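Reviewing the structure listed below.
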Amino acid sequence: QSQLVESGGGLARPGGSLRLSCTAGSGLTMRYYAIAWFRQAPGKEREGISCINNSGGNIYYEDSVKGRFTVSRDDAKNTVYLQMNSLKPEDTAVYYCARDHGRWPPHKYCTGPESSTTDFGSWGQGTQVTVSS
């Protein structure tokens, strides 16, 4: 299966910003899929933090990032973005994007926690985000 590629991570100060990008490997047209962002901090399980369905009409944010992170997609560039503002040390993690695997109709994705965090795969290698002063 074609994988996704994350980029844009790095070191940021508390209160700073980063923009992550999720692009598709060869053969994958992202406009057909819901894309979800996950993160995994050291010693913790991977958690889903944001999701955008194929049309962009459904967007989900986990409570800890709501109001600070913004997900968007540019299908012409085959890319989904995660704009992260007001970063906190607890945002430090490896960030991954993933695409849906078709369990639900497209309009059902990213309507709540279950449809934003389950049935996603084709993981990339992730990008490290470190928030530290």
Side-chain angles (χ1 to χ4, degrees):
Q1 288 182 326
S2 298
Q3 287 191 319
L4 301 173
V5 179
E6 304 91 345
S7 62
L11 175 64
R13 303 292 190 191
S17 299
L18 287 171
R19 188 177 77 160
L20 306 184
S21 298
C22 173
T23 57
S26 61
L28 181 65
T29 302
M30 293 180 69
R31 64 185 174 91
Y32 296 132
Y33 299 99
I35 302 295
W37 285 96
F38 295 78
R39 67 185 180 187
Q40 187 166 20
K44 295 187 177 180
E45 293 187 355
R46 185 163 55 195
E47 63 172 344
I49 59 170
S50 186
C51 182
I52 184 168
N53 77 330
N54 67 329
S55 70
N58 296 342
I59 290 177
Y60 165 85
Y61 298 104
E62 192 270 333
D63 285 347
S64 67
V65 306
K66 197 174 296 182
R68 300 188 298 122
F69 291 9
T70 303
V71 64
S72 62
R73 62 190 306 150
D74 185 340
D75 292 330
K77 296 182 178 180
N78 219 23
T79 300
V80 171
Y81 301 100
L82 185 68
Q83 178 67 44
M84 306 188 298
N85 298 330
S86 302
L87 284 164
K88 304 176 180 180
E90 51 264 42
D91 294 319
T92 295
V94 179
Y95 284 69
Y96 302 88
C97 59
R99 68 165 179 88
D100 77 78
H101 279 185
R103 178 186 295 180
W104 297 292
H107 69 280
K108 293 289 189 181
Y109 279 95
C110 311
T111 56
E114 182 180 12
S115 64
S116 302
T117 62
T118 61
D119 191 49
F120 285 87
S122 300
W123 304 96
Q125 294 300 307
T127 187
Q128 176 70 47
V129 171
T130 302
V131 184
S132 175
S133 56

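Predicted, not measured: the structure shown is a model, and the values here were computed from it. These values consider heavy atoms only, across backbone and side chains, with no hydrogens, waters or symmetry-generated copies.
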Contact check, side chains of Ile52 and Tyr81, non-hydrogen atoms, under 4.5 Å: no

Euclidean distance, Ser50 OG relative to Lys66 NZ, rounded to 0.5 Å: 10.5 Å

Side chains of Leu87 and Pro14 in contact at under 4.5 Å (non-hydrogen atoms): no

Enclosure of Lys77 NZ (heavy-atom neighbours >12, cutoff 6.0 Å): no

Side-chain heavy-atom pair Leu82, Thr70 within 4.5 angstrom cut-off: no

Minimum heavy-atom distance Leu18-Gly10, with the two atoms named: CD1-O, 3.9 Å

Residues, nucleotides or ligands: over 12 heavy atoms within 6.0 Å of Glu90 CD: yes

Aromatic centroids of Tyr109 and Phe120 separated by under 6.0 Å: yes

Verify same cluster id: Tyr96, Leu4 (apolar side-chain graph, 4.5 Å): no

Worked check of side-chain contact (heavy atoms from CB on, under 4.5 Å) between Tyr61 and Arg68: CA-CA 10 Å; Tyr61 298 104; Arg68 300 188 298 122; over 6 Å; no

N-O pairing of Lys88 and Asp91 below 4.0 Å: no

Parallel, tilted or perpendicular: rings of Phe38 and Trp123 (30°, 60°): perpendicular

pair Ile35-Arg73: side-chain heavy atoms closer than 4.5 Å: yes

Cys22 side, atom SG; Glu6 side, atom CD - distance, nearest 0.5 Å: 6.0 Å

Heavy-atom closest pair, residues Asp100 and Tyr33: OD2-CA, 3.3 Å

Inter-residue atom distance Ser55.OG - His107.NE2, 0.5 Å rounding: 10.5 Å

Any donor-acceptor N/O pair, Glu62 side chain to Ile49 backbone, under 3.5 Å: no

Val71 vs Val80 side-chain heavy atoms within contact, under 4.5 Å: yes

Derivation and outcome, side-chain contact (heavy atoms from CB on, under 4.5 Å), residues Met30 and Arg99: CA-CA 8 Å; Met30 293 180 69; Arg99 68 165 179 88; over 6 Å; no

Linked, directly or transitively: Tyr32 and Trp37 (ILVMFWY side chains, under 4.5 Å): yes

Interatomic distance, Gln125 atom CD to Ser7 atom OG [nearest 0.5 angstrom]: 13.0 Å

Thr29 side chain to Arg31 backbone, donor-acceptor under 3.5 Å: no

Residues Glu47, Arg39; criterion side-chain contact (heavy atoms from CB on, under 4.5 Å); working and verdict: CA-CA 6 Å; Glu47 63 172 344; Arg39 67 185 180 187; 2.7 Å; yes

Donor-acceptor contact below 3.5 Å, side chain Thr92 vs main chain Thr130: no

Same cluster (ILVMFWY, side-chain, under 4.5 Å), Ile59 and Val65: yes

Close side-chain approach of Thr118 to Arg103, heavy-atom, < 4.5 Å: yes

Flag if over 12 foreign heavy atoms under 6.0 Å of CD, Gln128: yes

Sidechain-backbone polar pair: Asn53 side chain, Gly56 backbone, donor-acceptor under 3.5 Å: yes

From CA spacing to verdict: side-chain contact (heavy atoms from CB on, under 4.5 Å), Trp104, Glu114: CA-CA 11 Å; Trp104 297 292; Glu114 182 180 12; 4.0 Å; yes

Minimum side-chain heavy-atom gap Tyr60-Thr111 below 4.5 Å: no

Shortest non-hydrogen contact from Cys51 toward Ser115: SG-O, 4.3 Å

Contact summary for Ala36 and Ser116, nearest pair of heavy atoms: CB-O, 3.6 Å

Test item: side-chain donor near acceptor, Thr79 and Asp74, under 3.5 Å: no

Side chain proximity check, Leu28 to Gln3, heavy atoms < 4.5 angstrom: no

